[in-house]
Amino acid sequence: MDYGCGTGEFLKEAKSRGWKIAGIEPNEKARNQARLKLKDKVKYSLEEIKKEASFDIITLYHVLEHIHDLRKTIKKLLNHLKSDGYLIIAVPNYESHDAKKIRKILGRVGCTKTPLSL
């Protein structure tokens with residue numbers, strides 16, 4: 001399951017490699033784009049996932065910093081993770097090569113501050 005799956009590109013690739021997929025995307029526009037590719041595999045929230053559903057892998061790519069009730073959400077995610085499963089989390093790195101390049105590009109157009117999440 002990809003929590004915060006956006007437009008579903010990662011899930012589309014995983015599906016093409018034979019994985020059973022599920023996605024959560026609260027943003028309506030992104031979710032609708034994902035559903036065009038993946039049909040009913042993308043839901044609005046965790047509450048739409050069957051309680052007995054369990055996953056080998058749950059991913060959160062650049063999503064953690066957007067979750068308002070982090071403790072509650074992580075607990076719900078862990079309830080869906082198989083006992084020998086993997087929770088994979090990627091978070092933005094302000095000092096990364098990509099972040100520095102983005103700040104440089106934004107500076108050229110007069111934007112001196114990068115957007116902040118929670």
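Because only heavy atoms are used, hydrogens play no part in the values below, and waters and symmetry mates are left out as well, while side chains stay in. Counting from 1, the numbers follow the sequence of the chain as shown.
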When you look at I21 and D2, which way does the side chain to side chain contact (heavy atoms under 4.5 Å, CB included) test go after all the steps?
CA-CA 8 Å; I21 60 162; D2 188 19; over 6 Å; no
Are K76 and I49 close enough that some pair of their side-chain heavy atoms sits under 4.5 Å apart?
no
In the structure I gave you, are the side-chain heavy atoms of L46 and L77 within less than 4.5 Å of one another anywhere?
yes
Might you point out which heavy atoms bring [X] and [Y] nearest each other, and give the distance in Å?
X	Y	value
R31	Y44	NH1-CD1, 3.2 Å
T59	F10	OG1-CE2, 3.9 Å
G6	A34	O-CB, 3.6 Å
A53	H80	O-ND1, 2.8 Å
G4	E25	C-OE1, 3.4 Å
V63	Y3	CG2-O, 3.3 Å

Just wondering, are more than 12 heavy atoms of other shown residues or ligands nearer than 6.0 Å to NZ in K41?
no
Would one find more than 12 heavy atoms of other residues, nucleotides or ligands at under 6.0 Å from atom NZ of K72?
no
Measuring from atom [atom1] of [X] to atom [atom2] of [Y], what distance do you get when rounded to the nearest 0.5 angstrom?
X	Y	atom1	atom2	result
C5	L38	SG	CG	7.5 Å
D56	D84	CG	CG	7.0 Å
I74	D69	CD1	CG	10.5 Å
E95	H97	CD	NE2	13.0 Å

Cluster link [X] to [Y], ILVMFWY, side chain under 4.5 Å:
X	Y	value
L78	I88	no
Y86	I89	no
V42	L36	no
I67	F55	yes
M1	L60	yes

State whether the side chain of K37 and the backbone N or O of T7 hold a donor-acceptor pair below 3.5 Å, judged by distance alone.
yes
Single hit among K15, R17, E9 for side chain to side chain contact (heavy atoms under 4.5 Å, CB included) with E13:
R17
